[in-house]
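Notes to accompany the following structure.
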Amino acid sequence: MASLAFEHIEKIYPGGTQAIFDCNLAVADGEVLALVGPSGCGKSTLLRLLAGLDDATRGQLRIGGEVVNDLPPQRRNVAMVFQDYALYPHMTVRGNLEFPLKMRDLPRADIARQVAWAAELLGLGELLDRLPRQLSGGQRQRVAMGRALVRQPAAFLMDEPLSNLDARLRVQIRAELSELLDRLGATTLYVTHDQAEAMTLGDRVAVLDRGRLQQVAPPQELYERPTNTFVAGFIGNPPMNLFPARLNAAWDGGLQLRLGQQSLPLVLPPATEEHWRAWLDKLLTAGIRPEHLRLAQDDEQGVWTTVSDAEYLGHETLLHVRVDGLDPPGAALVARLPGIRPFHKGEAVRLSLDAARLHGFGPDGAALDGFR
Ligand code: ADP
């Protein structure tokens, strides 16, 4: 397959909406890059520019190293898969799979061979004579994939291809799709608003907010070292807890985190302590993932909070609390606690945190030195 690249791409729609700002993004040959961000951030715009369905205002688009800005869509040799599948309702599965090949006037034997190959790969063999309305949502999705596949394109461009499926099926098809893309070594740009989908499918994930790329990194790096508060608050379910805080030096010279009237001594690894010290007495945004909060043991320092809600999920409990003594009240936190333990609204709970896992962000939202 082929690599893809956006170089200094900008898109201003007629009417003046600037949807994309100076986007530089490359997808390596064989890589699955998941492009994720909230609705309206410009994901589909980027995909459409690469497919040739719309023109870039500035910058260069490359497929396989070649600049394609001026090539019509049919000559860009990319296959798009949309959420609505767009199968031809009056054609059988076989007819749908053959269609893009017939459009290219391929010899009948080649068409039959490629359809058989895609049907085998996607487990569609039994379904070839059915009409789309005789298929389940998941099966229709696979036919749409098959139709993209038979053309043996340079790359796949997928726009929320699983969002019409119910939650359980989505997880199942997501795993199948991931395995299939791996097996094919298929260069894929995969657009989704669902961070879990992006994290499970992408070799790397690109996070977009209001037309600007925020961070492009492998899933683990994105999770562990978010570059700013937007990424920290978007990735993870529930996402990272973010709250205003100050760092003080305690009487013994150690560091403590101040949350309103409360303070929590931080036992930090030496490498990060040095970075935190640069922020003594300044207001910053602290971040902690829900799984790095825990109920404080009797001999442990903690922050007093009040329970506002508890979600019992069986294997874990998501505990929603508010930090006590803040004025105005704010700093709602979510703690992910293993197993089930009953809590009631208004209950006082002391939480402690894993200080080595604490993140810091400056006033502009960017991660502090040592945390990106
Ligand atoms: P996403 O796919 O992330 O939901 P889009 O790429 O569809 O976002 O849209 C990005 C921005 O561009 C939005 O503000 C949207 O309203 C605007 N936009 C999209 N298409 C058009 C268009 N044809 N004309 C004008 N504005 C558009």
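Treat the numbers as computed from the prediction; the structure is a model and nothing was measured. Numbers here simply count residues along the sequence, with the first being 1. Both ligands and their constituent atoms are indexed starting at 1 by order of listing.
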If you scan the protein for heavy atoms around atom 15 (C) of ligand 1, do you find one that is closer than 4.0 Å?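 False for atom 15 (C) of ligand 1.
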
Does the N or O separation between Lys43 and ligand 1 drop below 3.5 Å for any pair?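 Min N/O separation from ligand 1 is below 3.5 Å for Lys43.
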
Assess Gly15 for proximity to ligand 1: is some non-hydrogen atom of it under 4.0 Å away?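 Gly15: no contact with ligand 1 (<4.0 Å).
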
Among Gly211, Ala19, Pro14, Gly37, which residue places a heavy atom closest to atom 12 (O) of ligand 1?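 It is Ala19 that holds the nearest heavy atom.
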
Identity and distance of the protein heavy atom lying nearest atom 13 (C) of ligand 1: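 Protein heavy atom at minimum distance: Gly40 O, 3.6 Å.
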
Quick test: of every protein heavy atom, which one is nearest to atom 7 (O) of ligand 1, and how far off is it to 0.1 Å?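 Here the closest protein heavy atom is Ser44 CB, 3.9 Å.
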
Determine, for Phe343 and Lys345, whether the Lys NZ or Arg CZ falls below 6.0 Å from the six-membered ring centre while staying within 45 degrees of the axis.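 No - Lys345 does not lie over the ring of Phe343 by the 6.0 Å and 45° rule.
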
Give a yes/no verdict on a cation-pi contact between Arg210 and Phe230, requiring under 6.0 Å between NZ or CZ and the six-membered ring centre and an angle within 45° of the axis.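 Checked: cation-pi criterion not met.
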
Minimal non-hydrogen separation, Leu242 against Gly287, with atom names: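 For Leu242 and Gly287, the tightest heavy-atom pair comes out as CD2-CA, 3.9 Å.
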
Considering all heavy atoms of both residues, which atom of Met240 and which atom of Pro290 are nearest to each other, and what is their separation?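 So the minimum-distance heavy-atom pair works out to CA-CD, 4.4 Å.
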
Do the charged groups of [X] and [Y] touch, with an N to O distance under 4.0 Å?
X: Arg294; Y: Glu300; result: yes
X: Lys102; Y: Glu98; result: yes
X: Glu10; Y: Arg212; result: no

Below 4.0 angstrom from a heavy atom of [X], which ligand 1 atoms are there? Numbered from 1 as shown, please.
X: Thr45; result: 5 (P), 6 (O), 9 (O), 10 (C)
X: Ser39; result: 4 (O)
X: Cys41; result: 1 (P), 3 (O), 8 (O)

